[in-house]
Structures are given as structure tokens and as C-alpha cells.
**Student:** 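Below is a structure I'd like to ask you about.
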Amino acid sequence: AQSNGILMKFFKGLGDSTRLRIVEALLDRERNVSELIRLIGVPQSNISNHLACLKWCGYITTRREGTSVYYQITDERVKKIVELAREIIADHAENLYACTRIKS
């Protein structure tokens, strides 16, 4: 039961739309906060809060270069999870869109 709770927490970490957009923005390369703000279009404080959550949970790490901090995916398996999810979505998109039990 406890491992189920941790698994739920893991997916909730990726389940927030802003956090997921941040993770997706970092899939191909590292980025700094300014780049993420421009790409995602939410205020800096919002981005920073989500980055702190993603870092705390181990999805991303930071690298400092001068005054800039760059964020990157910590674990290649996070990239694989997103890739697998996209594959599943491609195979089941019609069902997912039609599902009324899960709100988007």
C-alpha cells in the first residue's frame, strides 16, 4: 500500500501541466529559467516553484555557469517514461480523448 502511494506521488510529479511542460522542454537539452519562461509562458515565480518540486523529487538537476543556472533531466528513465507514454497515447488516443472519467 505504501509503495502504491509513492507511485501515485511519482506520477503526480509529472501530472501537473506546468511540470510536464518543463520536463518536455528539458528532454532535448538543458535550459535556464529565462528559456523556460519564454517557452512555457508562465511567470518566473511559477516556473521556479515547479523547478524546485522537480528537483526535490529527483526528476531534474542543476548546473551553475557563472550567474546562470541550467536545468536538465536527472535520469534518462524519465525521458523513457515520456517516450513510452507518447507511444501508448498514439495507440490509444481515441479512447483517451473519449474517456470521461479522467479530466484533462
Side-chain angles (χ1 to χ4, degrees):
Q2 184 178 358
S3 64
N4 186 26
I6 292 171
L7 185 62
M8 285 175 44
K9 206 168 194 179
F10 173 85
F11 281 110
K12 279 186 178 183
L14 295 174
D16 177 87
S17 63
T18 301
R19 286 194 295 272
L20 183 57
R21 289 172 65 199
I22 291 169
V23 167
E24 288 180 317
L26 299 175
L27 289 175
D28 57 341
R29 67 181 180 92
E30 67 180 9
R31 298 181 188 273
N32 63 30
V33 173
S34 298
E35 291 176 286
L36 292 169
I37 292 168
R38 190 173 61 255
L39 284 169
I40 297 169
V42 298
Q44 184 270 328
S45 61
N46 192 316
I47 291 282
S48 293
N49 285 334
H50 287 294
L51 286 169
C53 174
L54 290 167
K55 186 175 178 184
W56 182 277
C57 292
Y59 299 106
I60 64 173
T61 55
T62 57
R63 175 183 70 82
R64 185 173 291 279
E65 187 175 298
T67 58
S68 295
V69 176
Y70 290 88
Y71 296 85
Q72 66 229 355
I73 301 292
T74 303
D75 190 324
E76 289 296 313
R77 293 175 295 182
V78 172
K79 292 180 183 183
K80 288 180 185 176
I81 288 170
V82 174
E83 289 169 10
L84 283 170
R86 287 179 177 158
E87 289 174 19
I88 293 168
I89 290 165
D91 291 344
H92 303 281
E94 189 175 316
N95 300 65
L96 288 166
Y97 285 124
C99 179
T100 59
R101 305 253 176 186
I102 301 171
K103 307 291 181 224
S104 57

**Student:** Can any side-chain N or O of T74 pair as donor or acceptor with the backbone N or O of T61 at less than 3.5 Å?
**Tutor:**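 Here the side-chain-to-backbone pair exists.
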
**Student:** Rounded at 0.5 Å granularity, tell me how far OG1 in T67 sits from CG in N32.
**Tutor:**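 T67 atom OG1 to N32 atom CG measures 9.5 Å (nearest 0.5 Å).
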
**Student:** Is there a path from L54 to L20 through hydrophobic residues (I, L, V, M, F, W, Y) whose side chains come within less than 4.5 Å of each other?
**Tutor:**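 Hydrophobic grouping puts L54 apart from L20.
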
**Student:** For residues 85-94, run the donor-acceptor check on the side chains, cut-off 3.5 Å, and write out each pair with its distance to 0.1 Å, sequence neighbours left out.
**Tutor:**
residue	atom	partner	partner atom	Å
R86	NH2	E24	OE2	3.0

**Student:** Compare all side-chain heavy atoms of N46 with those of I37 and state whether any distance is below 4.5 angstrom.
**Tutor:** no

**Student:** Side chain to side chain contact (heavy atoms under 4.5 Å, CB included), that's the test. Do I60 and K55 meet it? Break it down for me.
**Tutor:** CA-CA 5 Å; I60 64 173; K55 186 175 178 184; 4.0 Å; yes

**Student:** If you measure from the Lys or Arg side-chain nitrogens to the Asp or Glu carboxylate oxygens, is any gap between E76 and K79 under 4.0 Å?
**Tutor:** yes

**Student:** Nearest 0.5 Å, please: how far is CD in Q44 from CG in L51?
**Tutor:**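 If I round to the nearest 0.5 Å, the distance is 9.0 Å.
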
**Student:** Linking I/L/V/M/F/W/Y whenever their side-chain heavy atoms sit closer than 4.5 Å, directly or via other members, would Y70 and L36 fall into one cluster?
**Tutor:** no

**Student:** For a quick test of your reading: what N or O donor-acceptor pairs under 3.5 Å do the side chains of residues 6-19 make, sequence neighbours left out?
**Tutor:**
residue	atom	partner	partner atom	Å
D16	OD2	T18	N	2.9
D16	OD2	R19	N	3.1
R19	NE	G13	O	2.9
R19	NH1	H50	ND1	3.3
R19	NH2	K12	O	3.2

**Student:** Return the minimal non-hydrogen interatomic distance between G66 and R64, and the atom names on each side.
**Tutor:**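 Here G66 and R64 meet closest at O-CG, 3.5 Å.
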
**Student:** Identify whether V69 and I22 are in the same connected component of the hydrophobic contact network (ILVMFWY, side-chain heavy atoms under 4.5 Å).
**Tutor:**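 In one cluster with V69: I22, yes.
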
**Student:** How far apart are the closest heavy atoms of R31 and E35, and which atoms are they?
**Tutor:** CA-OE1, 3.2 Å

**Student:** Shared ILVMFWY cluster between I40 and V82, side chains joined below 4.5 angstrom?
**Tutor:**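 Yes; V82 is reachable from I40 via cluster members.
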
**Student:** For the CG atom of D75 and the CD1 atom of I81, what is their distance to the nearest 0.5 Å?
**Tutor:**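 Here the rounded value is 8.0 Å.
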
